[in-house]
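Here is the structure we will look at, set down as structure tokens.
Within every chain, numbering begins at 1; the chains are lettered A, B, ... in the order of the sequence lines, protein sequences first and strands thereafter.
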Amino acid sequence: MAESPIRTRFAPSPTGSLHIGGLRTALFNWMFARKHGGQFILRIEDTDQKRFDPDALRTLMEAMRWAGLDWDEGPEVGGPCGPYVQSERLAHYQRWARWLVEQGHAYPCFCTPERLEQVNQAKAARKEPPGYDRLCRSISPVEAQARVDAGEKYVVRFKAPLEGQTIVQDVIRGETAFDNHTIQDAVLLKSDGFPTYHLAVVVDDHLMHISHVMRAVEWYPSYPLHVLIWRAFGWDMPIFAHLPVILNPNGKGKMSKRNPPRDKFGNVIPVMVHHYMENGYLPQAMVNFLAQIGWNFGDDREVFTIQEAIERFTLEAINPANSALPADKLDWLNATYIRNLTTPELAAALRPYLERAGLVVDEERLLKLAPVVQTRLKKNLTEVVELAGFIFRPYEDFQPAPAEQIIQKKMDAAAAIRTLEESMTIVQSIDDFSTATLLAAHEALAQRLELTNGQVFGVLRVALSAQTISTPTFETMELLGRAETLRRLALALDVVRAAA
RNA sequence: GGCCCCAUCGUCUAGCGGUCUAGGACACCACCCUUUCAAGGUGGAUACGCGGGUUCGAGUCCCGCUGGGGUCACCA
């Protein structure tokens, strides 16, 4: 086993965008393959025609690539075990389902959905657990074949053992024994000729030479069934690791896009990776974050590169317990990564969010703005709009703040008026219209006026931004330019005078 | 409900019988710095779910209870 190449796979069902938990599963598989110099395969499990979403595959691959998870084999890149889309592999499943029937490990079932429904209802009435009553299991192979040949509709069911136990092995959970009588005669091949997950996963993991399977624990209850199917085929099994579930931030139930969790302010906490992409989260932060759910770097380190994580990653270190999504920690990590960006990187990252808000952004001011907002983005890139969007909004649209916001604490209207007048004089006459020079001149002004820096700068900041929370005063002046600064100071002066 | 998994601060976690008066991080609180807001600095509060064992010794091993989660489709 140690000699065979490490091959892992991520096998999502393309029913929508990628779920954050799915990305974590993909990440672990990818890290494991990269660590061991093996291959990471992307396989698309689209065997449910009813839930087919034509956009999903594209969206899903986009999210994977955004996160930096490249695949060695799979859609768009091909590979020796293709095709990698299950709906294009029907012949394999049908062939192996037939083989199982021939070997006596499976049987055709002619029961209609209606009958299945009746069986379950009857069982429910008797307070028995639901499940197929194995009616067709007793049909003789000859008769069954005849009915199949006659064109009767059927599914292929697995012939699960009626007694005994099946012991399963899991790297992070050890052994678990399941009583065989609790295992259903699961459908392997549907009446439309498509396989169910149970058949497809075993056939494909074998045909694609997967060495290690990391999948969500949601699969654990059907794991013994899979083990039985592997044994029926007589194939060597991969090593399995069932990953803990990522629960809602409040720990109640798993993350669901139908019923998304909310933070303490009532804001929706995204479940799909695309929402994080749109909401200004950096992929490096997301990957760092996800790597810490159910696994940890060690050395009390919280911030690390994916390369560093790969070096240390082991299956055995995965924590078996489910965990609530620590959404606050993602915000913090994202802000940490934002702070570590270079100015050009940050400017480039910011631009789409500003533009999406309808702002016309010139590169020169964007490059000046980037370092100013860098430490002020607490969660994500979208916050730049609220904090500094006013810089790029058309000047003619500017509406000054009300007088009570312009006038600072422990200060009267007269003082605010003085401040604005004096500042206008400075702004008009100063040679070097830059942050540092403006700051020095206004510090002197505060002294002259016998006001604090906070009072003077505050009046001006609100006058310029019409916001109580904004970029620092003199950076704002530089960003707006002398003429616009002067115009806004005058506007504020009018407002305060009118109110006085 | 049946079956299965899990259980350390509010949350993510370290801990794999003695070094635990339980460590880190986020969040929270206080103070410092300060030009609003941030960032940064310092400090603080907060956890081994309960009950039995095993052992000289248990957060660490075993059992039970409780709690939480997952799963019971011709969906994955």
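Note: A/Tyr281 and A/Tyr337 fail the aromatic proximity criterion, with ring centroids not under 6.0 Å apart. Between A/Tyr197 and A/Trp219, the distance from one ring center to the other falls under 6.0 angstrom.
With C1' as the reference atom, B/rG23 and B/rU60 are 15 Å apart, rounded to whole Å. Remark: the separation of the P atoms in B/rA76 and B/rG24 is 47 Å, to the nearest Å. Taking the P atoms as reference points, B/rC9 lies 14 Å from B/rA22, given to the whole Å.
In this structure, B/rA22 forms no base pair with any nucleotide, since neither Watson-Crick nor G-U wobble geometry is met with both distances under 3.5 Å. Under the Watson-Crick or G-U wobble criterion, with both distances below 3.5 Å, B/rC72 is paired with B/rG1. Summarising the base pairing, B/rC50 is matched to B/rG64 through a Watson-Crick or G-U wobble pair whose two defining distances lie under 3.5 Å.
If you check every strand for non-hydrogen atoms under 4.0 Å, A/Thr176 touches sugar and phosphate atoms only. Here A/Gly454 lies in heavy-atom contact (under 4.0 Å) with sugar-phosphate atoms only. Residue contacts for A/Pro371: at a heavy-atom cut-off of 4.0 Å it reaches no nucleic acid atom on any strand shown. Among the atoms of the strands shown, base atoms are found under 4.0 Å from some heavy atom of A/Trp219.
Side-chain atoms of A/Arg173 stay outside donor-acceptor range of the base of B/rC5, with no qualifying N/O pair under 3.5 Å.
For the pair A/Lys190 and B/rA76, the criterion of a side-chain N or O lying under 4.0 Å from OP1 or OP2 is met. Look at A/Lys50 and you won't find any side-chain N or O under 4.0 angstrom from OP1 or OP2 of B/rA73.
Within the model, atoms OG1 of A/Thr166 and CD1 of A/Ile183 stand 4.5 Å from one another, a figure rounded to the nearest 0.5 Å.
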Intermediate values then yes/no, ring-ring contact (aromatic ring centres under 6.0 Å, His included), A/Phe28 and A/Phe313: CA-CA 8 Å; A/Phe28 281 19; A/Phe313 187 73; 5.1 Å; yes
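Between A/Val217 and A/Thr375, the residue anchored closer to the 5' end of RNA chain B is A/Thr375, taking for each the nucleotide with the nearest heavy atom.
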